[in-house]
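Below: one structure, written as structure tokens.
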Amino acid sequence: MYNPSKIEPKWQKTWEKLDIYKAKDFSRKPKMYILVEFPYPSGEGLHVGHCRSYSALDAIARKKRMEGYNVLFPIGWDAFGLPAENYAIKTKSHPQKTVSKNIANFKRQLKSLGLSFDWSREINTTDPKYYKWTQWIFLKLFEKGLVYRAEIPINWCPSCKIGLANEEVVQGKCERCGTPVEKRIKKQWMIKITAYADRLIEDLKKVDYPEKVKLQQINWIGKSYGTEVKFKLKKSHYLPVFTTRVDTIFGVTALVLAPEHPLVNVLTTQENKEKVKKYIEKIKNKSEFERTKLEKKRTGVFTGSYCINPINEEKIPIWIGDYVIGSYGGGAVMVVPGHDKRDYEFAKRYGLKIKEVVRPKNQKSNKNTLPFVEDGILVNSGEFSGLSSLKAREKITLWLEKRGLGRKSVQYKLRDWVFSRQHYWGEPIPLVYCENCKKIVEKIKSGSSDIKSQKPKFNKGELLNPGWISIPEKDLPVELPFVEKYQPTETGESPLANIKKWVICKCPKCGRQARRETDTMPNWAGSSWYFMRYTDPSNDKALANSKKLKYWMPVDWYNGGMEHTTLHLLYSRFWYKFLFDIGVAPQDEPYKKRTSHGVVLAEDGRKMSKSLGNVINPDEIVKKYGADTLRVYEMFMGPFDQAIAWSNKGLMGVYRFLKKFWKLSLECTSNPKSSLKIIRSIHQLNKQIDKDLEKTKFNTIIAGFMKFVNLCGKNKKEVGRDAIERMLLLFSPFAPHISEELWQRLHPERYKDPEYSIFREKWPKYDPELIREQTFTLIIQINGKTRDKIEVKKDSSQKEIESLTLGREKIKKYISNKKIEKVIFVKNKLINFVIK
RNA sequence: GCCGGAGUGCUGAAAUUGGUAAACAGGAUGGACUCAAAAUCCAUUGCCCGUAAGGGCUUGAGGGUUCGAAUCCCUCCUCCGGCACCA
């Protein structure tokens, strides 16, 4: 009887004792670093979705070990962040406590699945020994001038009185209480990820990611090429405007500024002051949701000022409009109503002129419907009329460039990374604010004090952010103090701000009183470099030893969810590039190959959630049917990268299969040799697995195993030990417990060595000679329709086959007295007679 | 709106350098075993006509290329994912 609850814990214990999955730093074997996204240890426990991707990558890790690789397959905990904080608040227990409790539970669950993680390298982002290095990396970014402070709007829930992360805003409302979210301006730490935008796009060429992921990252970064045009204001001031369609510049009939544009006040004339003020007030009161989702109508107000179009000296009115984004392209747009949909609507609404300056190619008539938004041929554009849009963009930009009125320009949609959170449960930002140092830095900056003669030396970040001073490396980590009240505060400040004792400190630069930064890092911080820490998890001199980094990095295969494409995956690539630039990382890309898994939905097709009561608990499945059943089922359920609903019936099918296989292998071992049919079939399966596993086609691999077991079941007398042994070796990465148990029953003598395990065996190689078929099924078609098939000797010539097939009764009947027009012959595949 | 992906039996799905459509599993139906149920085993199962032999049809819809299309091209519909006033 197959009894997984008996054999599984037994082997899990043995494997742990043998330390069989430990990765060795440095080895003559080739290295293979296989990585799964480390989980956030939630209070709900392990999700069957974790099991899906972890068992799949576990199978790959196990196979690679058997193939002779020195495999690193580590695991850890991403335990900082809002969910942990909220869970702690909900359960009224300190996050430190809940996190360690949840980790213990997760660990037990992962171990009960028999995953081959190297537990000696377990890491935890909330461990001060770990986040010391998260803080260190932040300080390096600061030191190199990539960190700055900016006033940016955050999501503010007026009811809960806290700042919300974007992920917590659902359809413009607070996730918890449903109150519409407002924008509040707050000073935040920013990291200049935009400085790496080009490299983040360019280097995608070097890596093996799904095209979908690459495209999504490229779109997210959103690079567009265009021209910055300087519109003349009064007193030789200029207003720069970015456009990708400089070919339409003769059609400009207004400029529109974002409401938050810095020149709004200057440009508003006295008589328009009141109107503009009211308008901006109205915009501010609109929530972001209303501005983007509900109200697609473009509104605006005239400032009363004009500027001069540099191309033709035309006088252009300057407006303010809510459809212009402040943070993109300088926050100003040239309105070309004839050739842009939004501008057209705006112009119609406010009675602005509409000019046609581009016409479709091959069209001469004047009855052209505007707006015409595609490229075409320029008209009404002075000396540039007649040029194609493409040519005109080039020529006009050049014309402007020569006169100092414009230049080529590149814009990105990617914004800098908002790096501070006003929450408790995160890494403290290792900076202090010192009034005294601020004065000194300001003096240096104003030139009244020479930087070289200054006693305390300031780094680039300190000069860029006057008053903000780095904590010296020797004083890291800045530990998160234990507090009683970790709830978000009414003021929107981090709860750390209330701990006077912690906040007030000595400035490490000048020794005078200073105060600590009380904001913490976002939960993306710790996960942006964790894969490096696995190479050397307990190093206290560096984030990891450079030789170990050089040996293990880059990650050879990284699997994770699609939802991390534009956040975690982009952030961690950015940090790795930065660490490469300062000589810490050995390459400029962290992951060689990325694959992604689909989510596991509930049986009803909806997302699993406690409130819907449709959650599948892996513990129960393991208890009832065993870890092997769960693992194999989750690999079999469907294509790996696709979202799939759970099915208890499907799970049962896999359980039946394992039981069948158990019986078969115990019955068929007295016979040493299998028939050619059986042995050939297992070699074919061997080949299929080698091919399909690289493509993450786990479902077809499991189907292959089932097919083979069915074949054996129908031909029991032909099945021998040799086939079963090979099957066990092939099956072991997918269903490790049952395979090892049956292997032991086949080879009890080998297990006298206490160090022995099936996982110390070599991965079997298939014999290409053996699977080469002598015959094949010839498809006989008439006019492309299959009418007959016969077994034919391989490599038969067309002549041989023609005489063979034309003699057949069935074929004769079809052809009868009709004329054969053409014969199509595909070697070793088919013959097709075209008749009339 | 833009960008990406997909649409195949009752269900999850296989088949992609164009060449046997529906592998494998679930479900269903019938049968064996059983007092009975569970478990197990056997058979059937894309649809239509036919007792059968056999024939016809079939990969979201329509068109095209081809000896031959689930696969390539065009138009359209639907669903999923991402972005969303990015000038």
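Residue numbers begin at 1 in each chain, while the letters A, B, ... track the order of the sequences.
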Given the [atom1] atoms of [N] and [M], what is the spacing between them in whole Å?
| N | M | atom1 | result |
| --- | --- | --- | --- |
| B:A37 | B:G56 | P | 45 Å |
| B:G26 | B:C41 | P | 10 Å |
| B:A25 | B:A14 | P | 15 Å |
| B:U71 | B:U8 | C1' | 12 Å |
| B:A87 | B:C76 | P | 25 Å |
| B:U29 | B:U34 | P | 23 Å |
| B:A13 | B:G62 | C1' | 27 Å |
| B:A38 | B:A32 | C1' | 16 Å |

[X] bridged to [Y] by N-O distance under 4.0 Å:
| X | Y | result |
| --- | --- | --- |
| A:Glu345 | A:Arg298 | yes |
| A:Glu800 | A:Lys827 | no |
| A:Lys649 | A:Glu603 | no |
| A:Lys697 | A:Asp641 | no |

Rounded to whole Å, how long is the line connecting atom [atom1] of [X] with atom [atom2] of [N]?
| X | N | atom1 | atom2 | result |
| --- | --- | --- | --- | --- |
| A:Leu414 | B:C83 | CG | P | 13 Å |
| A:Ile701 | B:A14 | CD1 | P | 13 Å |
| A:Ile644 | B:A6 | CD1 | C1' | 13 Å |
| A:Ile780 | B:U20 | CD1 | P | 14 Å |
| A:Lys659 | B:A38 | NZ | C1' | 10 Å |
| A:Leu830 | B:G18 | CG | P | 14 Å |
| A:Glu821 | B:G68 | CD | P | 12 Å |

Classify the nucleic acid contact of [X] as base, sugar-phosphate or nothing, counting any heavy atom under 4.0 Å across all strands shown.
| X | answer |
| --- | --- |
| A:Ser647 | nothing |
| A:Lys789 | base |
| A:Phe833 | nothing |
| A:Gln781 | base |
| A:Glu211 | nothing |
| A:Val834 | sugar-phosphate |
| A:Arg415 | base |
| A:Gly222 | nothing |
| A:Ser224 | sugar-phosphate |
| A:Lys660 | sugar-phosphate |
| A:Lys413 | base |
| A:Lys341 | nothing |
| A:Asn832 | base |
| A:Leu215 | sugar-phosphate |

If you define the side chain from C-beta out and look only at heavy atoms, does anything of A:Glu374 sit under 4.5 Å from A:His339?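 No, their side chains stay 4.5 Å or more apart.
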So A:Ile218 and A:Leu200, do their side chains get closer than 4.5 Å, heavy atoms only?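 No - every pair of side-chain heavy atoms lies 4.5 Å or more apart.
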Would you call B:G26 syn or anti, using the 90° rule around 0?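 Anti, which is what one calls it when the glycosidic angle falls more than 90° from 0.
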Does a side-chain N or O of [X] approach OP1 or OP2 of [N] to a distance below 4.0 Å, or not?
| X | N | result |
| --- | --- | --- |
| A:Asn710 | B:A25 | yes |
| A:Arg787 | B:G68 | no |
| A:Arg656 | B:G26 | yes |
| A:Lys212 | B:G5 | no |
| A:Asn219 | B:C2 | no |
| A:Tyr328 | B:A87 | yes |
| A:Lys697 | B:A15 | yes |
| A:Gln642 | B:G81 | no |
| A:Thr227 | B:A87 | no |
| A:Lys785 | B:C57 | yes |

Determine which nucleotide pairs with [N], using a 3.5 Å limit on both distances of a Watson-Crick or G-U wobble pair.
| N | value |
| --- | --- |
| B:U40 | B:A32 |
| B:G4 | B:C80 |
| B:G27 | B:U45 |

Given A:Phe734, A:Phe640, A:Phe636, A:Tyr633, the one that forms ring pair (Phe, Tyr, Trp, His ring centres under 6.0 Å) with A:Phe698: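 Output: one option passes, namely A:Phe640.
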A:Trp220 or A:Lys707, whichever maps to the more 5' nucleotide of RNA chain B: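 By nearest-heavy-atom nucleotide position, the 5'-most residue is A:Lys707.
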Specify the residue among A:Gly650 and A:Gln216 whose closest nucleotide of RNA chain B lies further upstream toward the 5′ end.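 With A:Gly650 and A:Gln216 compared, the 5'-side residue is A:Gly650.
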Distance under 6.0 Å and angle within 45° of the ring axis: does A:Lys223 meet both against A:Tyr412?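 Geometry flag: not set, cation outside 6.0 Å or 45°.
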Point-to-point distance, once rounded to the nearest 0.5 Å, from CD1 of A:Ile311 to CD1 of A:Ile249: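 With rounding to 0.5 Å, CD1 (A:Ile311) is 5.0 Å from CD1 (A:Ile249).
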